[in-house]
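A short worksheet on the structure shown next.
One-based numbering, in listed order, for ligands and for the atoms of each. We number each residue from 1, following the sequence as shown.
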Amino acid sequence: MTTPRILLIVSGGIAAYKSLELVRLLKRDGMRVRAVLTKGGAEFVTPLSLGALTEDHVYSDMFDLKDEREIGHIQLSRQADLVVVCPASADIIAKMAAGIADDLATTILLATDKPVLAIPAMNVRMWEHAATRRNIRQLAADGVTIMEPDEGDMACGEWGKGRLPDPEAIAGEIRRMLSGGAAGDVITMPPARLLSDASGPLSGKHVLVTAGPTHEPIDPVRYIANRSSGKQGYAIAAAAAQAGARVTLISGPVELPTPRGVTRIDVQTAREMLAAVEDALPADAAVLVAAVADWRVERQAGQKLKKDGSGAPAPLPLTENPDILATLAISAQRPRLLVGFAAETEHVIDHAKAKLARKGCDLIVANDVSGDVMGGSHNRVHLVSAGSVESWDETSKENVAARLVDYIANRLAN
Ligand code: CTP
């Protein structure tokens with residue numbers, strides 16, 4: 001049996017130190033490891049420690065002539081059975097997806113004819129960013145195997161998905177690939193690692209939630225917005241995740257932490273929110289809690305609007321934003337259960353009934369926002385569906401969320 005050869009590319013990120021432990025485990029398992037260290041990676045681990053563990057030269061400079069004479073980058077990429085990028089930063093992932101080759105590591109990745117395993121590690125927001133999602137999909141389509149990051153506390157103090165998996169799990173995946181595992185897989189960690197309830201009433205379901213306000217820019221410093229805090233939507237996302245659902249939370253600008261087990265996508269405007277919602281489909285249920293701005297200015301000014309001295313206000317022609325709920329209701333991918341919210345200051349139930357019909361959803365959760373509901377911690381809601389109105393006593397937004405999630409689970413079960 002020949003010794004399996006791993007070409008390990010270490011890119012920048014706080015998790016780079018774990019690559020040292022990975023080298024130790026791979027050597028323990030009888031593999032030969034040769035390391036390539038990117039400029040960013042070298043900020044976190046030294047060539048000396050990587051070289052000591054691999055017992056080999058550590059390659060980092062594309063234009064190091066001595067290296068090119070001894071072993072060129074093409075050879076380097078070919079003299080391996082498997083190329084492993086660990087950790088794979090958002091930056092190297094983007095370059096891989098775009099086919100950029102601007103240093104030794106990315107050139108090797110473009111030149112190699114060997115299977116590639118990438119193990120991303122980054123801040124949760126970077127992991128959830130639409131650009132990273134797109135790049136990961138592209139890499140999987142290109143045949144790169146991606147090992148999904150773990151969820152947990154991050155070095156930056158946030159909580160979420162983005163942690164490098166345990167080096168033992170990575171070593172296990174490398175052994176699997178060397179023994180002929182499929183390329184192009186996106187390997188998700190076993191459900192035991194998730195904190196949501198895998199046996200909960202929403203397990204196996206995908207729930208989409210929108211929350212918060214939208215900000216519609218007027219000029220570089222001003223925008224149209226509303227008082228929505230996002231609390232009710234975030235509470236619903238948290239309750240759905242606790243009930244075992246896979247939850248995508250599409251959020252306008254709010255000051256709230258991402259609930260555990262929830263994938264959050266941040267947007268600013270109504271149009272961005274609609275695009276993110278459409279991108280997240282299909283879903284079993286969608287709960288649209290966001291207070292979407294009804295209008296945006298027709299044309300955003302490139303520079304700050306100035307007073308012209310006449311005393312007349314700047315003209316601000318408005319145009320209507322897309323209605324996300326109504327768009328979803330007639331979409332080919334309409335979720336089986338579509339829930340809207342209605343913030344009203346008068347004739348709450350009558351307006352909710354009209355909205356239910358106008359928007360084509362299955363349920364409207366109506367609340368009276370004439371008091372301090374927006375930004376407050378409590379809510380009194382009425383559930384308006386075809387032919388029925390159910391009014392709940394005022395309670396905390398968390399309780400409203402928990403009851404609503406029960407209601408959704410029941411409706412999906414029937
Ligand atoms: N909604 C939406 N897209 C919009 C406006 C609203 O998806 N452009 C959704 C909200 O998330 C909510 C429901 O529609 O679930 C009702 O929102 P609301 O602001 O109460 O309704 P509007 O359509 O804006 O009606 P109006 O302003 O006339 O009360």
Side-chain angles (χ1 to χ4, degrees), residues 207-217 223-237 240 247-254 264-281 283 285-298 318-331 333-335 337-371 373-375 379-386 389 397 400-401 404-405 407-408 411:
V207 175
L208 192 68
V209 180
T210 67
T214 61
H215 284 184
E216 309 294 334
Y223 54 83
I224 300 173
N226 57 63
R227 292 183 195 284
S228 168
S229 65
K231 283 181 189 163
Q232 186 63 79
Y234 272 58
I236 290 166
V247 180
T248 307
L249 170 63
I250 295 160
S251 175
V254 296
R264 166 172 165 179
I265 296 161
D266 285 328
V267 297
Q268 296 281 327
T269 68
R271 285 183 296 173
E272 286 169 11
M273 188 172 275
L274 173 61
V277 163
E278 287 177 332
D279 221 35
L281 293 172
V287 189
L288 303 196
V289 197
V292 184
D294 290 323
W295 302 284
R296 65 176 184 275
V297 295
E298 222 164 61
L318 298 177
T319 185
E320 203 166 315
N321 266 329
D323 189 313
I324 301 166
L325 183 55
T327 307
L328 214 48
I330 54 166
S331 141
Q333 296 201 81
R334 182 195 197 277
L337 185 65
L338 192 51
V339 180
F341 265 65
E344 307 292 351
T345 54
E346 57 176 1
H347 312 303
V348 178
I349 292 174
D350 285 344
H351 281 321
K353 283 181 179 165
K355 246 170 223 181
L356 183 77
R358 194 168 74 236
K359 305 229 179 192
C361 55
D362 306 301
L363 176 72
I364 286 278
V365 181
N367 53 359
D368 186 340
V369 293
S370 54
V373 165
M374 280 190 136
N379 211 352
R380 176 171 154 70
V381 303
H382 312 272
L383 270 62
V384 180
S385 58
V389 178
K397 288 183 175 174
V400 169
L404 188 63
V405 162
Y407 178 98
I408 290 169
R411 286 280 296 252

In terms of residue, atom name and distance, what is the protein heavy atom nearest to [atom]?
{"atom": "atom 18 (P) of ligand 1", "result": "K355 NZ, 3.5 Å"}
{"atom": "atom 10 (C) of ligand 1", "result": "A290 O, 3.3 Å"}
{"atom": "atom 15 (O) of ligand 1", "result": "L288 O, 2.6 Å"}

Pair T269, Y223: side-chain N/O donor-acceptor within cut-off below 3.5 Å: no

Selected option - heavy-atom contact closest to atom 24 (O) of ligand 1, from D323, L338, D294: D294

Residue selection (non-hydrogen contact nearest atom 3 (N) of ligand 1) among I364, V339, I324: I324

Please could you name the atoms of ligand 1 that [X] approaches to less than 4.0 Å, counting only its heavy atoms?
{"X": "L325", "result": "2 (C), 7 (O), 9 (C), 13 (C), 14 (O), 15 (O)"}
{"X": "A342", "result": "20 (O)"}
{"X": "R358", "result": "23 (O), 25 (O)"}
{"X": "G340", "result": "15 (O)"}
{"X": "K359", "result": "1 (N), 5 (C), 6 (C), 9 (C), 13 (C), 14 (O), 16 (C), 21 (O), 22 (P), 23 (O)"}

Heavy-atom side-chain proximity of L281 to S331 below 4.5 angstrom: yes

Non-hydrogen side-chain atoms of P253 and Q268 separated by less than 4.5 Å: yes

Heavy-atom gap [X] to ligand 1 smaller than 4.0 Å:
{"X": "A270", "value": "no"}
{"X": "P322", "value": "yes"}
{"X": "H351", "value": "no"}

CA sep, side-chain torsions, deciding dist, call: K355, D323, salt bridge (charged side-chain N to carboxylate O under 4.0 Å, His left out): CA-CA 12 Å; K355 246 170 223 181; D323 189 313; over 6 Å; no

Sole candidate of K397, Q232, K231 that passes side-chain hydrogen bond (donor to acceptor under 3.5 Å, both in side chains) when paired with N379: Q232

